[in-house]
Amino acid sequence: MGAGLAEAGGAILEARDLACLRGERAVFAGLSLSLAEGTALLLTGANGAGKSTLLRILAGLLRPAEGAVLWRGEDIAADPAAHARRLRYLSHQDALKPALTVTENLAFFARLWGGEVGRALTAVALAPLAELPARVLSSGQKRRLALARLALAPAPLWLLDEPTTGLDAASVERLGPLLAAHRAAGGIVVAATHLPLPLPDAQELRL
Amino acid sequence: MSAPEDGGTGPDRPREAAAFRALLGREIRLALRHPADTLAAVLFFVLVSALFPFGVGPAPETLARLAPGALFAAALLAALLPLDRLFGADAEDGTLDQLLLSGLPRGGIAAAKALGHWITTGLPLLAATPVAAALLNLPVEAWGAALAALALATALLSLLGTVGAALTLGARRGSVLLPLLVLPLAIPAVIFGAAAIEAAAAGLSPAPFLLLLGAGVSLAVPLAPLAAGAALGAE
């Protein structure tokens, strides 16, 4: 990551004057942020404040009514495929198929991004359940399987929407090293949450 | 842990091809795990074909006269059955967001879905065609033409249906809207397909009609995924 080191300290992910409308009502307007390598940003705020919407805008899934999202100074709308390849997005939903086994669910994403399924399952302590169909997992285990996607292959930007919903304390703790390794390698985390996350010295944006 | 790699710019063809194969493989695997959907379409096709003799009466000539049209109407309606879940299931469980972020262009996602639908619905319907053809008293000389015409027509319906499924995604009563959008567009396929079977039954060559059907499919192969992809992106 030679180019990354050269720009260390500079802003990688930037948002300028974002505005989002829901119907006639502005959810947020004039929102700007700037994140350097290895930083983490927590999005907090009441239900309906626009946390999930902002994550979808940063992912390029939703076009902002105004403003732009920039990656290394370039508008992400100019090359959505390149932006998609550099990010991992964890939404409210776990994006699992109940009929497929734990391994098969993750193997699909491993074919998209590369990475080892076994190692990623070990990172979220799901290895013993690898051959079970996803439909028999508890909601917390399903969440862990969704989180295992983060451990598959590195990507510089993680967008996490309530990543710890349904997780027990041990699983939340296990997320710590995963997030720390990502940040140590220069990755950026933006997480919307109501619960405490193992993200030391994260900035906070209250929507 | 290795450093996060940056995505780079421009299309990445090998990775897109791998994503296309991954998505297609997943569609087929899911269909194998849920054989009920495919089975429902095949049974619907056979049962509708079995109803005609009861309605029309057992006179073999009348039945054979109706057979091409009935075969086509039954097959296309059966192929429509699984279409309203084509994107709906993925949209509900969050998979669609992940697919949109897979780096595969939206048209590529739609193309994989259309091909998946044809493999998991169109091909089983073709396998059941001899049964339906026998129930409708279609002359055996015309079975080959019927198979060829249905192969092309179901491919066309998979492509058009993918556009319809993408357009009606998230719409209330989408499952009602979808056939209303797709079936009128499938009328040329019914006309040329039934004509091909009638020609073969009369001892003529079905080739001109099959070529016209093939032209329709070749037109839809590049255009339908583009249209469906555009509809998927319109959030």
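Letters A, B, ... mirror the listed sequences (proteins, then strands); counts begin at 1. Please read all numbers here as calculations on a predicted model, not as lab measurements.
Heavy-atom pairs under 4.5 Å with chain B were tallied for A:A95, A:A84, A:G60; the largest tally goes to A:A95.
Distance check, rounded to the nearest 0.5 Å: NZ of A:K97 to CG of B:D90 gives 4.0 Å. Here the straight-line distance linking atom CZ of A:F108 with atom CG of B:L30 works out to 9.5 Å at 0.5 Å rounding.
For CD of A:Q203, the number of neighbouring non-hydrogen atoms (other residues, nucleotides, ligands) closer than 6.0 Å is greater than 12. Around CZ of B:F52, the count of heavy atoms belonging to other residues, nucleotides or ligands within 6.0 Å does not exceed 12.
With a 4.5 Å cut-off on non-hydrogen atoms, B:L104 does not touch chain A at all. Neither the backbone nor the side chain of A:R88 comes within less than 4.5 Å of any heavy atom in chain B. Proximity to chain A is absent for every atom of B:A17, based on heavy atoms less than 4.5 angstrom apart. Of the atoms belonging to A:L87, it is side-chain heavy atoms, and not backbone ones, that fall under 4.5 Å from chain B.
Of all non-hydrogen atoms in B:G103 and A:A81, the two that sit nearest each other are O-CB, 4.1 Å. The shortest heavy-atom contact between B:R33 and A:T101 is NH1-N, 4.2 Å. Minimum heavy-atom separation, B:R26 to A:L100: CG-CD1, 4.5 Å.
No side-chain heavy atom of A:L96 sits less than 4.5 Å from a side-chain heavy atom of B:D93. Annotation: side chain of B:E92 is not in contact with side chain of A:Q93 (no heavy-atom distance under 4.5 Å). Counting heavy atoms from C-beta on, the side chains of B:R15 and A:L112 never come closer than 4.5 Å.
Using modelled atom types, one side-chain atom of B:Q98 and one backbone atom of A:Y89 make a donor-acceptor pair closer than 3.5 Å.
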Requested in this report: Could you walk me through whether B:D97 and A:R56 pass the side-chain contact (heavy atoms from CB on, under 4.5 Å) test, one step at a time?
Outcome: CA-CA 9 Å; B:D97 287 338; A:R56 291 181 72 80; 2.9 Å; yes
